[in-house]
Amino acid sequence: MTMKYNFNEIEAKWQKYWAENQTFKAENQSEKPKYYVLDMFPYPSGAGLHVGHPLGYIASDIYARYKRHQGFNVLHPQGYDSFGLPAEQYAIQTGQHPAITTKDNISTYRRQLDQIGFSFDWSREVRTSDPSYYKWTQWIFIQLFNSWYNNDTDKAEDISTLEKLFSTEGNSNVNAVCDDNIESFSAEDWNDFSSEKQQKILLQYRLTYLAETEVNWCPALGTVLANDEIVNGVSERGGHPVIRKKMTQWSMRISAYAERLLQGLNKIDWTDSLKESQRNWIGKSVGASVSFNVNNHDAVIDVFTTRPDTIFGVSFMTLAPEHELVSKITTPEQKEEVDTYIKATAKRSERDRMADVKTISGAFTGAYAEHPFSKEPIPIWIGDYVLAGYGTGAVMSVPCGDERDYAFANHFNIPIPNIFEGVDISEEAFSDKEKTIIANSDFLNGLNYKKATKRAIYELEQIGQGEGKTNYRLRDAVFSRQRYWGEPFPVYYMNGLPQMIEAEHLPIKLPEVEKYLPTETGEPPLGNATVWAWDTAKNEVVSNDLIDNETIHPLELNTMPGWAGSSYYFMRYMDPDNQNEIASKEAMDYWQDVDLYIGGSEHATGHLLYSRFWQKFLFDKGVVPYDEYAKKLINQGMILGTSAFAYRLDLGSFGFDGKGEDIKDQMYKFNVFVSSELLNRLKDSVEEKVEFTNKVRTKLASINLDKGRLVNVNIDLKRVHAIHADVSFVNSSNELDVKAFRNWREEYKAAIFIGEKGEIIEEGNDVYKVGRDVEKMSKSKYNVVNPDDIVADYGADSLRLYEMFLGPLEQYKPWNTAGITGVHSFLKKLWKLYADDNGLKVTDAAPTKDNLKTLHKTIKKVQEDIENFSFNTSVSTFMIATNELTAQKCTSKDILEPLLILISPYAPHIAEELWSQLGNTTSISTAAFPEFDASHLVESSKNYPISFNGKMRFTMELPLDMSKDAIEEAVLANEKTQEQLAGRTPKKVIVVPGKIVNIVG
RNA sequence: GCUCAAGUGGCGGAAUUGGUAGACGCGCUGGAUUCAAAAUCCAGUUCUUUCGGGAGUGUGGGUUCGAUUCCCACCUUGAGUACCA
């Protein structure tokens, strides 16, 4: 039998074997230690995978396979985040049910994933759009509804504990996270309230609640748009106007968890940049709230400040134009100015206000507030640099210490008192905290930032006009979407009040609709459903016609957002078929949490923050065992495309005689492309350009022109169009397949190509080289590379190795298909180490010292690399090992068998095949990882680098056990040393035994 | 503006604690093999040079016997974020 490396056959064989033998099925009961490796699951888009997508999956797969070799029971699941907008858009356009689109897309994804050879346990697959899955999404929603956040115990509790408090002592002592402006009531009041009133009050405390929220409503499209679907105030699609509209929607009280979400970051090993993003998003600021009395009014202005130490520097106050007090305190003289200003700001969109930082605007209300300590009057202004939605919508302005206040004061000639010792504020504000020493501030004089802040808060508390306070930027999350393809809420409405459906009746399945668009009355798409009412007697979904508001009630029309299903899927993988619980206690106790989570950084503040919130909530409720679900998280970088460009000379370069259509026709034929490197040379040299132009003129004139006649050629190199060429037309030497390019587009059919030598290309007389540039991989740039093609041409093992070989996992790096020949020929070389035309070469020969040295340094390096997620360097290590063993003509099984285990996480198919060729009857996947033995790496001598003033000039082989002095002596005696010194005496000789010799002088 | 990350050959990148800069691969050049091509194999490939050398890891400085690595300032690129009081 001749043995060739027939990768297509081998890979299909082992993929079949793994599937049939359920090789990667993880058991929930095992003596082995557990290890949970998770990928962020994909949204199955219609376009399928490109080579950038599997990068993270390959990395996690290597790690999962490595952990199996280490003796772990590895959970490595995969599934689909399968609710989402693209399938719904497609449904709107074509009428095809999103479930069908999704199913089709998933089967494409599955085929593509399978052929890359991932060790996923597919028996645990989940799909968020599957009712048996979203049953639990709905269940969690109900739990949130039935919970409130108790600040005293600092956790979520069942709503019944709150009801009990209300009925025994009212709400004045309840320390809960809740809506603003809650009226206080006694136990008696509570017990006298109607059920409706009680429900309304409880809704103000629940962790998910209904609230009026502003949305971007597009009347023309009849739908709500996300911020990034709006460009310049109009819809991205169609350019229709968008208005702010208030809508009753579900919100999640994530703000209750702000502090715990922040603190939790300290105990998880996630990337610093990701933690930083989350910290930013949570936006904690510590300071004080201060109350200013308004003169001649009973009104009080509350502000939040991070710098209570600068309170004596306040020279004015600024309210947001929308602040409710503005109309009350504005004096008659100032009314007109204030009203004009409010009108003007209302016209400006929030985006405009944010973009325009330089224009300073505002208006004086005519009112004054009283300084809490000095009792001086402080003018009250309004200005749009203060945002109504943050803090209290009002600030105490300290121009000497805040840039925006400084600019505002300067612009309106408001005094800028200096309260900093030894600081010049004539040019700009002084916002440094560290160097701050307070002056001109009564009791704060001479204190630094920290002490002054503490003292100021203390004094404010003494006079009852302020207290220490912490603010968070994190807002509650809107949870309703006016879409069809999402999880339905387990909610019906009685008298307009939301009621939860009992958990035992879940899942509430998404109803069928005729159209996937909003209804004519502007209701969400579920408003089109005819069977969408809840029968409280039969406990089932029934026809809308039966709604009587007695036993049969309308169901919620919104659906849940994309992040709902992805916020707990990692728990569901532990026990995906469980009908009674998210996962059994045994499964959760065994798998506990994710040990390694790999995914893209674009989820930093979306999925990764919301899922932490749900985890903490479920932890409070005793559902899950940990309050953080992923110990370690790595963001894989993106693979970028290497676009190819053909350079077309401007059509204006050519003059023709002839008229109208004839010329247009000719022009198309005169798509003249100039080869990339030639073009660059022409740009550099005027003479060459003149010569080239003449040459082109002669050549073009000699081509038979059927209709027009070329009369003028005047090439302007500044007017060259770079046209994206499909990367599949380009070979590894950047040469364009001219024929393929011509057939690509009608207008290039007769295009003329001028090659590197300046020749017009006909049958191989010259080559056309494209220019290259790195861009995001995208269809529109014709630089998308499909893994299917790579697998067909080079095999999955080559693809896996190459993706890792490209560079560090976390980095952004360009894909260039040309480079894959390197790893592919490595695999062929590896194969040849084991087999040739005469069959298997491996023998029982005893390994040589060199063989052992190569093997063991490879074991050491690969193990270190995998544990450091440095997969690119271990591919190099494999290449070096193979090169060395080939040179050593190694055939020893004692070397070659363990080598396969090292390579198997990276290139599992070839490893399995050779492993079985060596006579093994079970999969390599659980073979024990070879043990590193340092004794094989011990050396007796060292090739010392000899440096002069730090520069290596030559090397010298010396025994490793040689003493420092003997080394110095030997080096100085060397004639090359004398040559380097050229008669000078060395000032100093540094000898680091085993490392280096450096001669100074 | 702020925060974070990163700047090394023609290209992707390596150098693990301060100790031989450019491993490994692509590409390129030359050669072998072949009728030819593919494939394969061998040699070379940072720049510069008067062929002795010399310079060199974004720029400028510093610490050190010795710096891609540590410190300071600056420049460039990428990512995130923003009148957040």
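A, B, ... follow the sequence lines: proteins, then strands. Residue 1 opens every chain.
By the rule that a glycosidic angle within 90° of 0 means syn, rG52(B) counts as syn. Taking syn as a glycosidic angle within 90° of 0, rG9(B) qualifies as syn.
Distance CG (Asp302(A)) to C1' (rA85(B)): 14 Å, rounded to an integer number of Å. Atoms CG (Leu609(A)) and C1' (rU81(B)) sit 15 Å apart, rounded to a whole Å. Between the CZ atom of Arg475(A) and the C1' atom of rU81(B) there is a distance of 16 Å, rounded to whole Å. Rounded to a whole Å, the CZ atom of Phe408(A) is 17 Å from the P atom of rC83(B). Between Leu827(A) atom CG and rU40(B) atom P there is a gap of 12 Å when expressed in whole angstrom units. Protein atom CD of Gln278(A) is 17 Å distant from nucleotide atom P of rC4(B), rounded to whole Å. When the P atom of rU40(B) is taken as reference, atom OH of Tyr5(A) falls 13 Å away, rounded to whole Å. Spacing between atom CD1 of Ile311(A) and atom C1' of rA85(B) amounts to 13 Å, rounded to whole angstrom units.
Judged by Watson-Crick or G-U wobble contacts below 3.5 Å, the nucleotide rU69(B) has no partner. Shown here, rC74(B) forms a base pair with rG58(B); the pair counts as Watson-Crick or G-U wobble because both key distances fall under 3.5 Å. rC51(B) is unpaired under the Watson-Crick or G-U wobble criterion, no partner having all donor-acceptor distances under 3.5 Å. Judged by Watson-Crick or G-U wobble contacts below 3.5 Å, the nucleotide rA85(B) has no partner. Partner assigned to rU16(B) is none, using Watson-Crick or G-U wobble distances below 3.5 angstrom. Of all nucleotides present, only rG80(B) satisfies the Watson-Crick or G-U wobble test against rC2(B), with each distance under 3.5 Å. rC41(B) and rG31(B) make up a base pair, with Watson-Crick or G-U wobble contacts both under 3.5 Å. Both distances falling under 3.5 Å, in either a Watson-Crick or a G-U wobble arrangement, occur for no nucleotide opposite rU63(B).
Distance check on atom P: rC74(B) versus rU29(B) gives 45 Å, rounded to whole Å. Going from the P atom of rG13(B) to that of rA6(B) covers 13 Å, rounded to whole Å. Across the P atoms, rG25(B) and rG80(B) are found 36 Å apart, a figure rounded to whole Å. To the nearest whole angstrom, the two P atoms, one in rU49(B) and one in rG10(B), are 15 Å apart. The separation of rU8(B) from rA55(B), taken at their C1' atoms, amounts to 15 Å, rounded to a whole angstrom. Nucleotides rU57(B) and rG18(B) have their C1' atoms positioned 15 Å apart, rounded to a whole Å. When the C1' atom is compared between rG1(B) and rU45(B), the two are found 46 Å apart, to the nearest whole Å. Across the P atoms, rC24(B) and rG61(B) are found 34 Å apart, a figure rounded to whole Å.
Using the six-membered ring where Trp is involved, Trp381(A) and Phe412(A) have ring planes that are tilted, between 30° and 60° apart. Classification of the His603(A)-His607(A) ring pair by plane angle, with boundaries at 30° and 60°, yields perpendicular. In this pair, Tyr906(A) and Phe878(A) present their aromatic rings perpendicular. The plane angle is above 60°, beyond the 30 to 60° band. Taking the six-membered ring where the residue is Trp, Phe805(A) and Tyr802(A) present tilted rings, their angle falling between 30° and 60°.
Listed pair Ser277(A) / rU3(B) fails the phosphate criterion, with no side-chain N or O lying under 4.0 Å from OP1 or OP2.
Here Lys942(A) contributes atom NZ and Met962(A) contributes atom CE; the two are 15.0 Å apart, rounded to the nearest 0.5 Å.
When each of Phe304(A) and Asn949(A) is assigned the nucleotide of RNA chain B bearing its nearest heavy atom, the one mapping closer to the 5' terminus is Asn949(A). Remark on RNA chain B: of its neighbouring residues Lys828(A) and Ser601(A), the 5'-side contact belongs to Lys828(A), judged by nearest-heavy-atom nucleotide.
Checked against salt bridge (charged side-chain N to carboxylate O under 4.0 Å, His left out), Lys769(A) has the following partners two or more places apart in sequence or in another chain: Glu677(A). Qualifying salt bridge (charged side-chain N to carboxylate O under 4.0 Å, His left out) partners for Lys857(A), counting only residues two or more places apart in sequence or in other chains: Glu884(A).
Note on Arg953(A): only backbone sugar-phosphate atoms sit closer than 4.0 angstrom, heavy atoms only; bases stay farther off.
Annotation for Glu775(A): atom CD counts as buried by contact number, over 12 foreign heavy atoms lying within 6.0 Å. For Lys860(A), the NZ atom is loosely surrounded, since the number of other residues' heavy atoms within 6.0 Å does not exceed 12.
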Practice problem: Would you mind building the protein contact string for nucleotides 12-30 of chain B? One character per nucleotide, 5' to 3', B for base within reach (heavy atoms under 4.0 Å), S for sugar-phosphate only, - for untouched. | Solution: BSS-B--BBS-BBSSSS--

